[in-house]
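Lettering of chains follows the sequences in order, A, B, ..., and the numbering in each one begins at 1.
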There are 2 protein chains.
Amino acid sequence: MSEVSAKKPSRIQRRNRRVILDAALNIFAQHGFRGATLDQIAAEAGLSKPNILYYFQGKEDIHVSLLSQLMETWLDPLVELDPQGDPETEILDYVQRKLDMARDLPRESRLFAGEILQGAPHMGPHLESDLKPLFDEKCAVISGWIDQGKIAALDPQHLIFSIWATTQHYADFEAQVSVLLEEEAANRQRASNHLRSLFSALLRPHTPPQSS
Amino acid sequence: MSEVSAKKPSRIQRRNRRVILDAALNIFAQHGFRGATLDQIAAEAGLSKPNILYYFQGKEDIHVSLLSQLMETWLDPLVELDPQGDPETEILDYVQRKLDMARDLPRESRLFAGEILQGAPHMGPHLESDLKPLFDEKCAVISGWIDQGKIAALDPQHLIFSIWATTQHYADFEAQVSVLLEEEAANRQRASNHLRSLFSALLRPHTPPQSS
DNA sequence: CGAAAATTTTACCATTTGGTAAATACACGA
DNA sequence: TCGTGTATTTACCAAATGGTAAAATTTTCG
């Protein structure tokens with residue numbers, strides 16, 4: 001009986017909450033938290049402002065809902081990094097998953113980036129409780145691989161930072177990337193190849209030229 | 001004679017404009033353009049709001065002034081990349097300069113990141129006119145090095161993106177980095193070493209990537 | 001000094017924005 | 001079909017915010 005209001009949500013409730021969150025994701029990702037207005041979100045969702053406030057306590061509530069919902073999706077690729085798998089494959093596949101995610105979910109990437117950029121005012125706890133343990137765990141996995149001589153001696157923490165930075169860059173700095181890159185269909189593949197080379201070179205810097 | 005109002009600025013003018021821009025940099029970097037208020041900037045600058053509007057046409061004018069002023073500083077490390085120098089040294093030194101800049105000027109990095117994240121609403125022209133030509137020029141330099149067999153066959157454009165992403169990450173995502181890294185004095189050096197390894201590994205192997 | 005120009009303050013204003021109260025329309029099970 | 005709880009709209013409001021007018025103060029310079 002710890003739940004205060006535990007009515008099961010109706011079909012309309014579920015639909016409208018989903019519609020609102022999707023609209024809010026568009027707006028928040030584009031303008032940031034302060035830059036977004038409830039009127040914009042309402043218009044995007046095709047609902048009236050008071051109607052939106054019927055489903056959410058307020059602007060901040062929507063934002064927080066989006067962020068915590070995003071956390072799961074966001075951490076998923078790292079969760080999948082398998083301690084039992086082949087180290088090089090695992091890490092390069094992780095890079096690829098992160099890149100795919102940045103490409104397929106740019107709104108989510110920008111929402112997250114904006115939040116962190118502002119000092120994570122709505123996410124401090126989540127970072128500590130969700131991200132930090134996972135990060136530490138996977139750093140330990142990578143350290144283990146290094147100790148076993150399976151990959152080069154690199155810095156696990158900063159390796160992960162580099163993977164995050166390079167992959168999310170394509171979503172977060174898309175406005176800049178698109179100015180500098182002529183629009184080509186092959187860009188996606190070129191980015192993927194580049195990152196593969198980049199991190200693959202780091203993992204086996206002293207290995208013979210060929211391996212496959 | 002093309003200047004409309006070309007009075008030379010007084011000492012007070014120069015001092016106050018500088019004070020305002022510095023205050024605005026603090027506020028804009030922390031809250032973004034929409035999140036920042038003139039009152040905050042005024043308080044930070046120790047001036048009254050109307051007094052600020054005596055020196056700048058409006059909020060947007062301050063923001064634009066900051067951004068165009070920043071452009072020079074920001075591009076400087078890339079300008080210094082010397083086509084005549086040793087390729088590996090030049091690129092690794094560029095990485096180091098960018099990392100130092102992210103560390104020493106985090107406000108500027110975040111201001112820039114926020115602007116790009118929102119789709120560069122105040123910087124589109126600057127990107128085209130200032131950044132793009134420089135970017136293309138330096139990509140050509142790197143391509144030249146590749147053609148001469150001085151470095152591995154890599155993708156110049158995406159290499160530069162990776163350098164930007166990894167270095168600026170430490171400023172832009174500082175809120176996340178500081179949660180995940182225990183505060184150590186050595187972190188700065190560790191990041192530097194890591195990035196050196198990362199890009200150095202990419203440059204060295206002259207083995208063309210396997211296509212599959 | 002003293003007047004003109006530059007600078008700063010005081011007192012406002014219009015708009016935007018997050019949010020609310022209450023009335024109204026609707027859905028759905030008995 | 002009817003009544004009850006759910007969903008939505010209408011009409012607002014108070015605070016915040018970008019900005020202005022004009023008076024008052026300070027600086028500059030002949």
Side-chain angles (χ1 to χ4, degrees), chain A residues 3-67 114-115 118 121-122, chain B residues 3-67 114-115 118 121-122:
Chain A
E3 287 293 344
V4 176
S5 59
K7 300 275 181 64
K8 59 180 171 183
S10 70
R11 210 169 59 260
I12 292 177
Q13 288 239 5
R14 269 198 306 280
R15 177 176 53 82
N16 279 349
R17 285 186 74 97
R18 193 167 38 77
V19 166
I20 293 168
L21 285 175
D22 188 67
L25 179 55
N26 285 332
I27 304 299
F28 280 137
Q30 197 176 345
H31 303 284
F33 178 71
R34 292 273 329 248
T37 73
L38 283 177
D39 292 284
Q40 282 176 302
I41 296 172
E44 182 86 7
L47 297 172
S48 67
K49 180 166 65 176
N51 201 6
I52 290 214
L53 292 166
Y54 173 76
Y55 291 100
F56 290 91
Q57 307 244 359
K59 188 182 177 184
E60 201 158 309
D61 184 29
I62 303 178
H63 195 240
V64 169
S65 293
L66 272 177
L67 286 173
E115 172 67 9
Q118 315 279 303
H122 299 131
Chain B
E3 287 294 343
V4 175
S5 58
K7 299 275 181 63
K8 58 180 171 184
S10 71
R11 210 169 58 260
I12 293 178
Q13 289 238 7
R14 269 198 307 278
R15 177 175 54 81
N16 280 349
R17 285 185 76 97
R18 192 167 40 77
V19 166
I20 292 169
L21 286 175
D22 187 68
L25 179 55
N26 285 333
I27 304 299
F28 280 136
Q30 197 176 345
H31 304 284
F33 178 71
R34 292 275 325 249
T37 72
L38 283 177
D39 291 284
Q40 282 175 303
I41 295 172
E44 182 87 7
L47 297 172
S48 67
K49 181 166 63 174
N51 201 4
I52 291 213
L53 292 167
Y54 173 75
Y55 290 101
F56 291 91
Q57 307 241 1
K59 189 182 175 183
E60 201 159 309
D61 184 29
I62 302 178
H63 196 239
V64 169
S65 294
L66 271 176
L67 285 174
E115 171 68 9
Q118 315 279 302
H122 301 131

* Is there a donor N/O on one and an acceptor N/O on the other, under 3.5 Å, for the side chain of B:Lys59 and the base of D:dG19? ->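 A donor-acceptor contact between them is absent.
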
Phosphate contact ([N] OP1 or OP2) by [X] side-chain N/O below 4.0 Å:
X	N	result
A:Gln13	D:dA7	yes
A:Asn51	D:dT9	yes
A:Ser48	D:dT9	yes

Given atom [atom1] of [X] and atom [atom2] of [N], what is their separation to the nearest angstrom?
X	N	atom1	atom2	value
B:Phe28	D:dG18	CZ	C1'	12 Å
A:Phe33	C:dT17	CZ	C1'	12 Å
B:Asp39	D:dA15	CG	P	16 Å
B:Arg17	C:dT7	CZ	C1'	14 Å
A:Lys49	D:dA7	NZ	C1'	19 Å
A:Ile20	D:dT8	CD1	C1'	12 Å
A:Leu53	C:dA21	CG	C1'	13 Å

Checklist entry - Counting any heavy atom closer than 4.0 Å, what does B:Leu38 reach on the DNA or RNA strands: base, sugar-phosphate only, or nothing? => result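 The answer is sugar-phosphate, as B:Leu38 gets under 4.0 Å only of primed atoms, P, OP1 or OP2.
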
How would you label the contact of B:Ala42 with the nucleic acid (heavy atoms, under 4.0 Å): base, sugar-phosphate, or nothing?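 Result for B:Ala42 = nothing.
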
Keeping the roles fixed (side chain from A:Lys49, backbone from A:Ile41), state whether a donor-acceptor pair exists under 3.5 Å.
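Looks like no, no N/O pair under 3.5 Å.
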
Is the backbone of A:Leu67 close enough, under 3.5 Å, to the side chain of A:Glu115 for a donor and an acceptor to pair up by distance?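 Checking the backbone N and O of A:Leu67 against the side chain of A:Glu115, no donor-acceptor pair under 3.5 Å is found.
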
Measure the acute angle between the ring planes of B:Phe28 and B:Phe33, then classify it against the limits of 30° and 60° as parallel, tilted or perpendicular.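 Taking B:Phe33 first and then B:Phe28, their aromatic rings lie parallel (interplane angle under 30°).
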
- Message: Of the listed nucleotides (D:dA11, D:dA21, D:dG18), which one gets closest to any side-chain atom of B:Pro50?
- Response: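 Out of D:dA11, D:dA21, D:dG18, the nucleotide with an atom closest to B:Pro50's side chain is D:dA21.
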
Would you mind telling me which of C:dT8, D:dG18, D:dT20 lies closest to the side-chain atoms of B:Asn16?
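When the side chain of B:Asn16 is considered, C:dT8 is the closest of C:dT8, D:dG18, D:dT20.
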
Margin query: Taking the side chain as everything from C-beta on, heavy atoms only, tell me whether A:Ile62 gets closer than 4.5 Å to A:Leu38.
Written below: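 SC-SC contact between A:Ile62 and A:Leu38 confirmed.
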
Discussion item. Could you tell me if the side chain of B:Gln118 sits less than 4.5 Å from the side chain of A:Gln30, heavy atoms only?
Written reply: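 A:Gln30 vs B:Gln118: side chains apart.
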
Note to self: I want to confirm an ordering. Mapping A:Gly35 and B:Tyr55 to their closest nucleotides on DNA chain C, which one lands closer to the 5' end?
What the structure shows: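 Looking at DNA chain C, the more 5' nearest nucleotide goes with B:Tyr55.
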
> Between A:Tyr54 and A:Arg34, who's closer to the 5' end of DNA chain D by nearest nucleotide?
Replying inline: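 Going by which nucleotide is closer to the 5' end, it is A:Tyr54.
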
